[in-house]
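As the structure is a prediction and not an experimental result, all values here were calculated from the model. Every heavy atom of this structure was used, including side-chain atoms; hydrogens, water molecules and symmetry mates were not.
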Number of protein chains: 4
Amino acid sequence: VYCYEREVHVYETDLMGIVHHSNYLRFCEEARVDWCKRKGFLLNKKDESSDSAVYGLTVYETRVRHVAPIRYSDRIVINMQTRAEGIRIIFQYKIFVDKNLKSIVETVHCNLDLNFKVKRLSPELIKLVEKEIWTETWL
Amino acid sequence: VYCYEREVHVYETDLMGIVHHSNYLRFCEEARVDWCKRKGFLLNKKDESSDSAVYGLTVYETRVRHVAPIRYSDRIVINMQTRAEGIRIIFQYKIFVDKNLKSIVETVHCNLDLNFKVKRLSPELIKLVEKEIWTETWL
Amino acid sequence: VYCYEREVHVYETDLMGIVHHSNYLRFCEEARVDWCKRKGFLLNKKDESSDSAVYGLTVYETRVRHVAPIRYSDRIVINMQTRAEGIRIIFQYKIFVDKNLKSIVETVHCNLDLNFKVKRLSPELIKLVEKEIWTETWL
Amino acid sequence: VYCYEREVHVYETDLMGIVHHSNYLRFCEEARVDWCKRKGFLLNKKDESSDSAVYGLTVYETRVRHVAPIRYSDRIVINMQTRAEGIRIIFQYKIFVDKNLKSIVETVHCNLDLNFKVKRLSPELIKLVEKEIWTETWL
């Protein structure tokens, strides 16, 4: 299972002293983009000659379930799994701190062109996704 | 149906020229908090003598479905409905720009004390919620 | 003097229970953009045929002095003044809550084309700026 | 000279395709906090028994000069220097991408107690700062 980690910053907390719930989607985007980069698939890089790369993983749907709060200075570890389903690609994430599960997230993506019309998924991306192992469904 | 509106800011967009998907949860939080204020229910206001108000609507789960992109300078209009269900309160939101549906969101909340133990919902809050009309389920 | 106001949101605070210092620049951007709109000068609106509007007020330099903290739910009131100086436009802001000064900000802007080369300021924008009153220097 | 680095994320850009100017202050906070941690000085960690640590480096003033834009996926490298001056601590930062200077930042801090009254700087922190080398003034 692919794994991404980093520490939580002061500006990601709110007055409750914990990470604001909107930032979980940012953490997962970081993990997803990092996975794409490591696999050699360029994401969201604005390239006039190749719009297919630009909108290749537009966010269609997101779900976040909070299990326990995450605090400033915690080191989050994100496990990620992915699979293709028709014209969509699904990512699921488990966010841990010190091996304690803090949150489960799902993001569903499709491929849009510059006019936001849905296109087929990039075959290059599908190949990458098919090599991944989808264990059980987490959320 | 309760309604909240405001314009989209430059810093809420990303390099794709549209609102970053994490910001939809911030828009909905604004709407939810504004609703609480108008109803006289103080939310997340750190008050030493009354911790019940502090964590009264902790976010347990969120879902966002994106229908069409929102752009800088668009004026978003959010319709919101809410209902109680056991120890949870559920909010659903439809986000419009110029009467076109852009996104549907659901957030599920519970009441936590300062140690993040689940408590009963505030009776004051339940009364407010029960006065609201839940039309059909949007998401 | 031009005036912009709005309430502070939960997600703009951090674990200290006050507005995170980076968000002051976002408040001032909102005020600046709102001023441009009210004056009929379109800012940062990506328009292929008219790149002059796109990068018309690129941020060159910012300064923020914090006088007192701003908290969630505070209603900020921003006074703003502006003047042109050679190829630059300068904005200064005073941020108040309940008529108490909380912060003084300055942002300095220039006009960039799509390759980030400095260009002359838009004559349209200079005209708008010259109509404004610059009282004393605030910062 | 202390050095901090990391990649730029999608959500830190705006519709101009470059990093939003408010995020430079967040990058510098990350560098500053990381420096404190590596030196064993706990920052902004809410600890009931020791409020001195909580507000030890409250932001008093910030200045950012932009030299060239930073883009998504760039790897920023921040050089940082610090010195004490009376009741203030000053940090300066140079932000590079591929050894090209992109921005120069200064942040000025003081020590506040929980009521936001100015206190003396922590002697522990002053010792750390005095061990640092302040080369020339960058901004």
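At a heavy-atom separation below 4.5 angstrom, chain C is approached by D:V59, D:Y60, D:E61, D:T62, D:R63, D:V64, D:R65, D:H66 within residues 59-67 of chain D.
Environment of NZ in D:K94: crowded, with over 12 heavy atoms of neighbouring residues, nucleotides or ligands closer than 6.0 Å. Applying the 6.0 Å contact sphere to NZ of D:K127 captures no more than 12 heavy atoms from other residues, nucleotides or ligands.
Among pairs with a residue in residues 11-27 of chain D, those fulfilling salt bridge (Lys or Arg N to Asp or Glu O under 4.0 Å) read D:R6-D:E12, at least two apart in sequence or across chains.
The closest side-chain heavy-atom distance from D:L25 to C:H20 is not below 4.5 Å. Side-chain atoms of C:H21 and D:T58, non-hydrogen and from C-beta on, never get closer than 4.5 Å to each other.
Of all the listed residues (D:P69, D:S103, D:A68), the one sharing the greatest number of non-hydrogen pairs under 4.5 Å with chain C is D:P69.
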